[in-house]
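The structure appears right after this line, and notes come after that.
Both ligands and their constituent atoms are indexed starting at 1 by order of listing. By convention here, the first residue in the shown sequence is residue 1.
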Amino acid sequence: APDIPVANVTAHLNQLQSIASGNGGNRASGTAGYTASLNYIKGRLDAAGYQTRTQSFTLSGRTHTNLIADWPGGPANQTVMLGAHLDSVPAGPGVNDNGSGSSTLLEVALAVSAERPTLTKHVRFAWWAAEESGLNGSTYYVQNGGAAGVEAYLNFDMTGSPNPGYFVYDDDRTIEGHFKEFYASINVPTEIETEGDGRSDHAPFKNAGVRVGGVFTGASNIKTSAQAAKWGGTAGQAFDRCYHSACDTTGNVNATALDRNADAAAHVLWRLAAGDTPPPV
Ligand code: PHE
Ligand code: CA
Ligand code: ZN
Ligand code: ZN
Ligand code: ZN
């Protein structure tokens, strides 16, 4: 799998920050900051050869829009899907939550288009609307048949927390194993994700019977001294002290965590969908 250049992920984050700054300080679903975020990502995907579409729905008097991007090729009824919510809370720009996952997926998608691996599965990416008001974009997608043919769904929500932990979802064992295999290869210990259990866009897929997985670097929970001993950072402080706040800016991201999780995403995608890597042992 390719090594994702973290500088490219950071460049997307800077774009999302400047979009928020130019639109009242946030990128909340149903606002101009959200639309500009979607247009930025869609423009990059269209230029790279993706088949993109938007899916809109109405909630509380506003229009909310998911972005779906298919990479042409692979068996359509055997799809590996990666998703991240693109909306922020109204309180701030949402650079870690969830510019991090959104930018990571864009760069992984661009790596697919650059490398053009032989695919044993169809590959699809999604950027969800209205996660922060209750997983609404992903739920709408699944309720309208979106999970059909989806064999695995990987979720990326908060992957660059400033005082990071390395948490792997313990949902599907095979997917969990691929993430853990990547972290073992770089000698970074992981823990099972518990803080956000069921609180992100993998939940509707899991409830529909799809195998799910993902990684997370922590939100408002406090890093213990044992966690600081193995991961570095500051014990007694939240993983993300700016969670859902105005200070969730470009200064609120740990580049090492962002890089590792982007590389992990590429590793797991290649393991699940690319035919030109050796099978896992
Ligand atoms: N969905 C939560 C939020 O956006 C945080 C979260 C991340 C929960 C990852 C679970 C897993 O605020
Ligand atoms: Ca990298
Ligand atoms: Zn959030
Ligand atoms: Zn989130
Ligand atoms: Zn593996």
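Heavy atoms of Tyr169 found under 4.0 angstrom from ligand 1 belong exclusively to the side chain. Under 4.0 angstrom from ligand 1, there are no non-hydrogen atoms of Glu195.
Nearest protein heavy-atom contact of atom 9 (C) of ligand 1 is Phe216 CD1, 3.3 Å. With hydrogens left out, the protein atom closest to atom 6 (C) of ligand 1 is Asp157 OD2, 3.6 Å, a heavy atom. Protein heavy atom nearest atom 12 (O) of ligand 1, with residue, atom name and distance: Tyr243 OH, 2.5 Å. Protein heavy atom in closest approach to atom 10 (C) of ligand 1: Gly196 O, 3.0 Å.
With hydrophobic clusters built from ILVMFWY side chains whose heavy atoms lie under 4.5 angstrom apart, Met158 does not share a cluster with Val89. Residue Tyr140 is not grouped with residue Val210 when hydrophobic side chains (ILVMFWY) are merged at heavy-atom distances under 4.5 angstrom, including chains of intermediate members.
In this pair, His267 and Phe182 present their aromatic rings tilted. The plane angle is within the 30 to 60° band. Between Tyr50 and Phe125, the ring planes lie perpendicular to each other; the angle is over 60°, past the 30° to 60° tilted range. The aromatic rings of Phe167 and Phe239 sit perpendicular, their planes meeting at an angle over 60°, well past the 30° parallel limit.
Taking backbone and side chain together, His85 holds no N, O or S atom under 2.8 Å from the Zn ion (ligand 3). Put simply, Asp97 gets within reach of the Zn ion (ligand 4), with an N, O or S atom under 2.8 Å from it.
Looking only at N/O/S atoms, Glu132 comes nearest to the Zn ion (ligand 3) through OE2. In Asp157, the N, O or S atom that comes nearest to the Zn ion (ligand 4) is OD1.
With respect to the salt-bridge test (charged N to carboxylate O, under 4.0 angstrom), the residues Asp171 and Arg211 do not qualify. Checked for salt-bridge contact, Glu191 and Lys230 meet the test: a charged N lies under 4.0 Å from a carboxylate O.
Of the candidates Glu131, Met158, Glu193, the one placing a heavy atom closest to atom 1 (N) of ligand 1 is Glu131.
Side-chain N or O atoms of Gln17 include one that pairs as donor or acceptor with a backbone N or O of Thr250 at under 3.5 Å.
Within the listing of ligand 1, atoms 3 (C), 4 (O), 12 (O) sit less than 4.0 angstrom from a heavy atom of Asp97.
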